[in-house]
Amino acid sequence: MTPDALAACVRDALAGLVSAGTLSIDVPAEVHIERPKSREHGDYATNIALALAKQAGVAPRVIAEQLAVELAKTDGIASAEVAGPGFINITLDTAAQGEVARRIIEAGEMFGHGDALAGRSVNVEFISANPTGPLHLGHTRWAAVGDALARVLTAAGATVAKEFYINDRGVQMDKFGASVMAAAHGQPVPEDGYQGGYILDLAAEIVAEQPDLLALPADEQMPAFREAAYARQLAQQQHVLALFRTVFDVWYSERSLHESNAVEHGFEKLREHGHVYEMDGAVWLRTTDFDDDKDRVLIKADGEYTYFASDTAYYVDKRERGFDLCIYLLGADHHGYVNRLRAVAACAGDDMDDNVEVLIGQLVKITRAGEEVKLSKRAGTIVTLEELVEEVGVDAARYSLIRYPVDSPLTIDLEVIKLRTNDNPVFTVQYAHARVSSVLRNAADIGIDWRALGFDPGLLVHERENELLGALAEFPRIVAGAAELREPHRIARYLEALASTYHRFYDACRVLPRGDEEQSGEHLARLWLCASTRQVIANGLGLLGVSAPERM
RNA sequence: GCGCCCGUAGCUCAACGGAUAGAGCACUUGACUACGGAUCAAGAGGUUGAAAGUUCGAAUCUUUCCGGGCGCACCA
């Protein structure tokens, strides 16, 4: 019996009361089933009687009493009791609870997957940095969270594409080119250029491979250096992200948007919907029709398209490529874009609540043993994605960035996430996986083929077994919730609780026969419980892009 | 000035309007003839920034303050 199945039982019981005339309500589509914090409150609890009291015009406890009687008759439910103001505390039959282990093993890697977002085609755009330098910490939070979000949405049934928009057009690119060119000539980079040491490295690489660039006429030389440096810097970003296990399905060049006339096309599309007008020699989009605080210019008085025009065209292009939900992950310094991006969707004739979502992530602060690491481009103390991975490893970096909700500012201590102790939650979770793997290895070594032998779920009667089964049964709901709320950190928090629950079980319940002890049904049932725990931890870590080691 | 986000244990942070606000670390005290002790058990630690409101019930929703972060281009 899973929480979802139990919710269906509660709905059936309500429908029964309604048709019998004892209750006068509309049977709700959703019944909230929760796992009580206190074990004294049974395996599951529901507040449905409290929620329905007003509509029914009856005291919540009265509804609860009637419903509890019905529920207690249901197969798989051992008891249903009314508590407090009208909660119903439900205890399952041991066997009904234990069946969860079988379902997990049968579903394998698919356990936790659902169909809540089936049929949705989702574009998740994140990072989208200029190709003018290395990816830094601000990008890194999204590299981890965006990738995990895409995995979670996929698990919820959506078709997902991860997309990186390359800002490869405009004055920043020219400054980048000019900086590299200056460095190649051994000159100081321009005042408003890019200062980092990587510029010198890029210049040296390019000169070594293409020395003839230095001899080009002045007006051809900067573009030549710009293009050579662009290619190398983009490749470097792609390489680093691949190491970080964040692999994009689409790298979309802003230039290509202009070269394919998509900007004109997007502009025409907006014009068709009637939100475009001219004023002071410029062409504007009336985004104030849809909650933006001011209208935005599409074409400047000098006839040039604005960057905003690219954004609108890019949105139209995504929709025409078949995505019905465009998710943008932006840093807090871009929160002013939220309303205008939503307005763009509305101006293009879309539903700004359904076709577009903008998630804002707060900034990341780095400390080392409690001391803040100042991030300064000029002083060269920027922490790059590559450096973070070199220092703490991919697993610790990804996990540490994912386990916090993105709407609060985050402080990460480099010393802490390197620790291989409980200070560092990623190791707690990975250790639990390694520990359970070890038990299963030992079982195989002494010749127990648990999978072939099967098990009796009714034997899992220990309190710690019950806790663990309950925690495992939660996983599909956790995944669905993380997808619906776009909050992958829920997976991490769940895994930490599951790891802790497993350790408590392990401490109290001997799994394998000792010495010359006979192998019993209890041993087998516990092995199935272990195997299903390993499966769920592995599935959860997989959603975060973190490895699940068999040994550590 | 206008707008968005945040404020929870000493620290880093959880908690889709639910029951006694929870974890980890740090602190105190226990459990090792160990299926991986990288573990477990127990204790202490809180006026959820403040005040009012909404309701059976508020850290969560509303309003007003206080404090912190970020943003308000015919830049990209």
Side-chain angles (χ1 to χ4, degrees), chain A residues 32 34 36-38 40-41 45-47 50-51 53-54 59-61 83-87 89 130 167 169-175 254 279-284 293-294 296-308 310-311 331-339 360-363 365 367 370 400 403-413 416 419-425 427-428 430-432 434-443 445-446 477 481-482 484-485 487 489-490 492-493 496-497 500 502-504 506-514 523 526-527 530 551-552:
Chain A
H32 188 67
E34 63 172 21
K37 287 173 206 151
S38 164
E40 293 163 16
H41 295 149
T46 179
N47 63 349
L50 290 157
K54 185 167 276 183
R61 282 198 65 106
F87 292 102
N89 295 333
N130 289 318
N167 289 122
R169 194 170 169 279
V171 299
Q172 291 304 318
M173 289 300 289
D174 289 345
K175 287 180 183 175
E254 184 189 353
M279 186 180 73
D280 300 337
V283 179
W284 299 69
D293 44 4
K294 55 171 298 203
R296 307 289 169 179
V297 173
L298 287 168
I299 303 177
K300 296 187 271 184
D302 65 6
E304 290 287 315
Y305 282 104
T306 60
Y307 188 82
F308 176 69
S310 301
D311 282 346
D333 52 345
H334 285 69
H335 75 249
Y337 287 40
V338 175
N339 282 342
I360 296 297
Q362 299 297 316
L363 305 178
K365 192 164 78 176
T367 60
S400 303
R403 78 183 284 265
Y404 304 101
V406 294
D407 56 4
S408 68
L410 171 58
T411 304
I412 284 191
D413 195 296
V416 169
L419 294 175
R420 301 172 66 82
T421 69
N422 246 350
D423 278 340
N424 189 0
F427 282 101
T428 307
Q430 289 184 316
Y431 174 69
R435 198 183 203 191
V436 68
S437 296
S438 168
V439 173
L440 293 165
R441 255 196 321 271
N442 293 344
D445 287 348
I446 59 176
R477 296 207 297 178
E484 183 192 346
L485 298 165
E487 292 184 348
H489 79 271
R490 288 169 186 276
R493 299 293 171 157
E496 290 164 29
S500 175
Y502 178 74
H503 288 314
R504 278 199 300 278
Y506 181 89
D507 190 60
C509 299
R510 175 79 196 189
V511 177
L512 296 176
R514 301 170 204 262
H523 295 134
R526 287 175 174 173
L527 274 168
C530 284
R551 302 169 200 267
M552 294 174 71

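Proteins come first, then strands; the chains are lettered A, B, ... in the order of their sequence lines, and each starts at number 1.
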Atom CE of Met552(A) to atom P of G36(B): distance rounded to whole Å? 15 Å

Once you round it to whole Å, what is the distance between C1' of G57(B) and CZ of Phe87(A)? 8 Å

How far, in whole Å, is U63(B) from A58(B) if one measures between their C1' atoms? 15 Å

Return the nearest nucleotide to the side chain of Tyr431(A); candidates are G36(B), C35(B), A76(B). G36(B)

Grab the CZ-C1' distance between Arg510(A) and C40(B) for me, whole Å please. 16 Å

If you go through the side-chain atoms of Asp311(A), does one of them form a donor-acceptor pair with the base of A76(B) closer than 3.5 Å? no

Decide yes or no on side-chain contact (heavy atoms from CB on, under 4.5 Å) for Arg435(A) and Tyr506(A), but give the supporting numbers first. CA-CA 10 Å; Arg435(A) 198 183 203 191; Tyr506(A) 181 89; 3.1 Å; yes

Stacking check His334(A) vs G71(B) (5.5 Å / 30 deg): no

Taking atom P in both U8(B) and C13(B), compute the distance separating them and give it to the nearest angstrom. 9 Å

If you check every side-chain atom of His489(A), which of U12(B), A15(B), G18(B) has the closest atom? A15(B)

Among C40(B), C4(B), A76(B), the one nearest any side-chain atom of His335(A) is C4(B)

Which of these nucleotides, C35(B), G18(B), A76(B), is closest to any side-chain atom of Val171(A)? A76(B)

If you measure from the P atom in C35(B) to the same atom in U39(B), how many Å do you get, rounded? 15 Å

C1'-based separation of U29(B) from C11(B) [nearest Å]: 22 Å

Nearest-angstrom distance, P atom, G45(B) to A23(B): 15 Å

Beyond-backbone contact of Arg490(A) with Arg493(A), side-chain heavy atoms, under 4.5 angstrom: no

Measure from the side-chain heavy atoms of Lys300(A) and tell me the nearest of C35(B), U55(B), C75(B). C75(B)

Selection from G36(B), C16(B), A14(B) that lies nearest to any side-chain heavy atom of Arg551(A): G36(B)

In this structure, which stretches of RNA chain B are paired as stems of three or more consecutive Watson-Crick or G-U pairs, both distances less than 3.5 Å? B:1-7 with B:66-72, B:10-13 with B:22-25, B:27-31 with B:39-43, B:49-53 with B:61-65

Is the phosphate of A23(B) approached by Lys37(A) (side-chain N or O, under 4.0 Å from OP1 or OP2)? no

Considering only side-chain heavy atoms of Gln362(A), which listed nucleotide, C40(B), G69(B), C74(B), is closest? G69(B)

Give a yes/no on whether any side-chain N or O of Arg504(A) is located under 4.0 angstrom from OP1 or OP2 of C40(B). no

On a whole-Å scale, what distance lies between the P atoms belonging to C70(B) and A76(B)? 24 Å

Counting side-chain heavy atoms from C-beta on, which of G36(B), A19(B), U55(B) comes nearest to Ala83(A)? A19(B)

Donor-acceptor pair present, Asn47(A) side chain and G18(B) base, under 3.5 Å: yes

For Leu512(A), is there any backbone N or O sitting under 3.5 Å from a side-chain donor or acceptor partner on Arg526(A)? no

Tyr404(A) over C13(B), stacked by centroid distance under 5.5 Å, angle under 30°: no

Would you say C72(B) has OP1 or OP2 under 4.0 Å from some side-chain N or O of Lys294(A)? no

Looking only at heavy atoms, which two atoms of Ala282(A) and Trp284(A) are closest? And how far apart? O-CD1, 3.4 Å

Using only modelled atom types and a 3.5 angstrom limit, is any donor from either the side chain of Tyr305(A) or the base of A76(B) paired with an acceptor on the other? no

Do NZ/NE/NH1/NH2 and the carboxylate oxygens of Arg510(A) and Asp507(A) come within less than 4.0 Å? no

Against the side chain of Tyr506(A), the closest entry in G36(B), G18(B), C5(B) is G36(B)

Pairwise C1' distance, U20(B) and U62(B) [rounded to whole Å]: 28 Å

Do Arg441(A) and Ser437(A) pair up side chain to side chain, a donor and an acceptor below 3.5 Å, judged on atom types alone? no

Heavy-atom side-chain contact between Tyr502(A) and Cys530(A) under 4.5 Å: yes

Could you tell me how far apart His32(A) (NE2) and G18(B) (P) are, to the nearest whole angstrom? 7 Å

A38(B), OP1 or OP2 - any side-chain N/O from Arg435(A) closer than 4.0 Å? no

Could you tell me how far apart Glu487(A) (CD) and C16(B) (P) are, to the nearest whole angstrom? 8 Å

Quick one: is Asn442(A) getting a side-chain N or O under 4.0 Å of the G36(B) phosphate, OP1 or OP2? yes

Is a side-chain donor or acceptor of His503(A) paired with a backbone partner of Ser500(A) at a separation under 3.5 angstrom? no

Counting only side-chain N and O atoms of Arg296(A), is one of them less than 4.0 Å from OP1 or OP2 of A73(B)? no

For the side-chain contact (heavy atoms from CB on, under 4.5 Å) test, which of Thr306(A), Val283(A), Asp280(A) pairs with Val297(A)? Thr306(A)

Let's see if you can work this out: which of C16(B), G36(B), A19(B) has an atom nearest to the side-chain heavy atoms of Arg441(A)? G36(B)

Which value, in whole Å, describes the distance between the P atoms of nucleotides C61(B) and A42(B)? 34 Å

Rounded to whole Å, the CG-P distance (Asp407(A) to C70(B)) equals 17 Å

Rounded to the nearest Å, what distance is computed from the CZ atom of residue Arg403(A) to the P atom of nucleotide A23(B)? 14 Å

